[in-house]
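It should be emphasised that the depicted structure is a prediction, and the values quoted were computed from it without experimental measurement. Proteins get letters first, then strands, A, B, ... in listed order; numbering begins at 1 in each.
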Protein chains: 2
Amino acid sequence: MPAHEQTATSPDGAPGDPGAPAPDVTAEIRAAIVRGDFAPNQRLVEADLSRQFGVSRSSVRSALFELTNEGLVERVQHRGARVRAVTVAEAVEISEVRMVVEGLCAAKAAERVTDAEAAELRALGEAMRAAVAEGHVLRYSELNAELHRRIVEISGQATAAAVLERLRGQNVRHRFRLALVPGRPNVSLVEHLAIIEEICAHAPEAAERAARRHLSSVIEALKAV
Amino acid sequence: MPAHEQTATSPDGAPGDPGAPAPDVTAEIRAAIVRGDFAPNQRLVEADLSRQFGVSRSSVRSALFELTNEGLVERVQHRGARVRAVTVAEAVEISEVRMVVEGLCAAKAAERVTDAEAAELRALGEAMRAAVAEGHVLRYSELNAELHRRIVEISGQATAAAVLERLRGQNVRHRFRLALVPGRPNVSLVEHLAIIEEICAHAPEAAERAARRHLSSVIEALKAV
DNA sequence: GGCGCCGGGATCGTCGACGATCCGTCGACC
DNA sequence: GGTCGACGGATCGTCGACGATCCCGGCGCC
């Protein structure tokens, strides 16, 4: 029955199976934007996307709303949606907010971290060190995201987590570019290790300072590009 | 032609004028929640709201989505929406995030504030002082919101502004209760004046500390209730 | 020749109906 | 008597169609 297989991810003109649990169009469009299939400032016409993904216009519409308040899409009344182009200035602003909120999370994490979690963080740090040593930029980037995510998790701040989640999605593009700057991973690594150490030492204020120092360095690097 | 007039605000069973520019249902529901017409945890059934406000279910649906990511409404797949009840613990979390973000804004405002804006802030401070002296709690509360908003505006941080806007909406209820604590306005007033002074003195770090001190005090007051 | 007005096309906002999913309840079986 | 499974009501998610709004181009007028 190979002929019956259906590529749920392929955006062809499939008739759309009414029985299927509606594959998440939001996720698909988001992925397409992050991946670069939809260029910045490209218009996103509801009817087109509707045909392209094989779902109704309502679904596309709702997806575009969701992506709008994730900050990936811009909408103007009666004038449609387009992929949001995040300028460097905006990326800096976003990172500034991230700086203070992640600082808060680092402080809270330092207060609440358990021994098991501390060990986990240290293991992450070692993995990052290894990735940098071996020049695995992509791997390092993943671990980076993982570390930030894990710290927020340990902090137990649901509100901050939601805020950061949204902010982070907006400058995936700039983040990419940043990881490729020569020498950048080394600087970044040291800062990350410092954050880990302060959290494991249950030093809230020092952890906050370390987190802010790190993001501050990210901001400088952003400005330099 | 007085008979043709239509009370756009009255949520009766009017047939709904298709020519009308669709009064913003989102705003109406939001107002109803903030005002207390819809109690916390009350179920918000799309069909009911649809009849109640005289718009189609799709419009109500879209409004509920918007309110959901403003944090005023909770939604569960296939199980409907209800008014979100913000616990004290959540209100504290929200205020903690506000603390660091408003701290950032205060610092940026201190860097960018012009003389005209400084004068405006000082005038606001005086108005607040007068309101407290005369016991105008409501007036003070309004000026309070105005001050915070203005500082963010001066800071020029659009991202931070958006984040704060959303956070602020979520604990309107708790904010109300707080203003009524005896002696609270006096404490709050002093802190506000300190923020204003540091901003006007172009002292970013001091301004950030003052803003954090203020929010920190708000958090303590929240916990005490 | 430049400016303002007006139609055509494209696109969005709104609507009511259909199918799918979930919860509560009743009945049967162990 | 307790537990499991099936039925029914309620509610949500999705769909395609209609009307409204906006931009773009051509035409007339100054």
Side-chain angles (χ1 to χ4, degrees), chain A residues 6 8-9 11-30 33 38-39 41-70 72-84, chain B residues 4 6 8-30 33 38-39 41-70 72-84:
Chain A
Q6 180 174 336
T9 60
D12 54 348
D17 182 355
D24 193 349
V25 193
T26 306
E28 292 194 35
I29 298 181
R30 176 170 33 225
I33 292 177
F38 294 142
N41 279 329
Q42 177 173 340
R43 289 196 58 188
L44 298 174
V45 179
E46 297 178 359
D48 291 351
L49 296 176
S50 165
R51 273 185 295 274
Q52 199 170 338
F53 290 99
V55 297
S56 84
R57 203 164 68 84
S58 320
S59 305
V60 171
R61 189 175 172 68
S62 129
L64 289 180
F65 271 107
E66 171 64 20
L67 293 173
T68 296
N69 65 45
E70 282 181 24
L72 288 175
V73 167
E74 276 178 340
R75 296 179 55 78
V76 188
Q77 280 263 354
H78 297 288
R79 298 201 41 198
R82 56 179 59 232
V83 178
R84 175 162 172 228
Chain B
H4 293 164
Q6 178 174 337
T9 61
S10 78
D12 53 341
D17 182 354
D24 193 350
V25 193
T26 306
E28 293 194 34
I29 298 181
R30 178 170 31 226
I33 292 177
F38 293 141
N41 279 329
Q42 178 173 340
R43 290 197 57 190
L44 297 175
V45 179
E46 297 178 359
D48 292 352
L49 296 176
S50 164
R51 273 185 295 275
Q52 197 169 338
F53 290 99
V55 298
S56 85
R57 201 163 71 82
S58 322
S59 305
V60 171
R61 189 176 173 68
S62 131
L64 289 180
F65 270 107
E66 171 65 21
L67 293 173
T68 295
N69 66 46
E70 282 182 23
L72 288 176
V73 167
E74 275 177 341
R75 297 178 56 78
V76 187
Q77 281 261 349
H78 298 290
R79 297 200 42 198
R82 56 178 59 233
V83 178
R84 174 161 173 229

Identify the pairs formed between an N or O of the protein and an N or O of nucleotides 5-12 of chain D at a distance under 3.5 Å, and give each distance.
from   : atom 1 : to      : atom 2 : distance (Å)
D:dC12 : OP2    : B:Glu46 : N      : 3.4
D:dC12 : O3'    : B:His78 : N      : 3.4

Note to self: If I compare all heavy atoms of A:Val73 with all of A:Ala81, which pair ends up nearest, and what's the gap?
What the structure shows: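 That would be CG1-CB, 3.7 Å.
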Check: For the residue pair A:Leu72 and A:Ile33, what are the closest heavy atoms and their distance?
Finding: O-CD1, 4.3 Å
Note to self: With a 4.5 Å cut-off on side-chain heavy atoms, are A:Phe38 and A:Leu49 touching?
What the structure shows: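 A:Leu49 reaches A:Phe38 side chain to side chain.
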Margin query: Under the rule for salt bridge (Lys or Arg N to Asp or Glu O under 4.0 Å), what residues qualify as partners of A:Glu66, not counting sequence neighbours?
Written below: none
Note to self: Heavy atoms only, 4.0 Å cut-off, all strands: where does A:Ser58 land among base, sugar-phosphate and nothing?
What the structure shows: base
Length of the [atom1]-[atom2] vector between [X] and [N], whole Å:
X: B:Arg82; N: C:dC22; atom1: CZ; atom2: C1'; result: 14 Å
X: B:Glu66; N: C:dG13; atom1: CD; atom2: C1'; result: 15 Å
X: A:Arg51; N: D:dC15; atom1: CZ; atom2: C1'; result: 15 Å

Only distances under 3.5 Å count here; give the side-chain donor-acceptor pairs of residues 55-62 of chain A to other protein atoms, sequence neighbours excluded, each with its distance to 0.1 Å.
from    : atom 1 : to      : atom 2 : distance (Å)
A:Ser56 : OG     : A:Ser58 : N      : 3.2
A:Ser56 : OG     : A:Ser59 : N      : 3.4
A:Arg57 : NH1    : A:Glu46 : OE1    : 2.4
A:Arg61 : NH1    : A:Glu46 : OE2    : 3.0

Check: Taking only residues two or more places apart in sequence or in another chain, which ones pass side chain to side chain contact (heavy atoms under 4.5 Å, CB included) with B:Arg84?
Finding: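 Testing B:Arg84 for side chain to side chain contact (heavy atoms under 4.5 Å, CB included), a comparison that skips the adjacent residues, returns B:Glu74, B:Val86, B:Glu90, B:Gln170.
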Notebook entry, point to check: OP1, OP2 of D:dC15 versus side-chain N and O of A:Ser59: anything below 4.0 Å?
Noted result: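 Yes, within the criterion.
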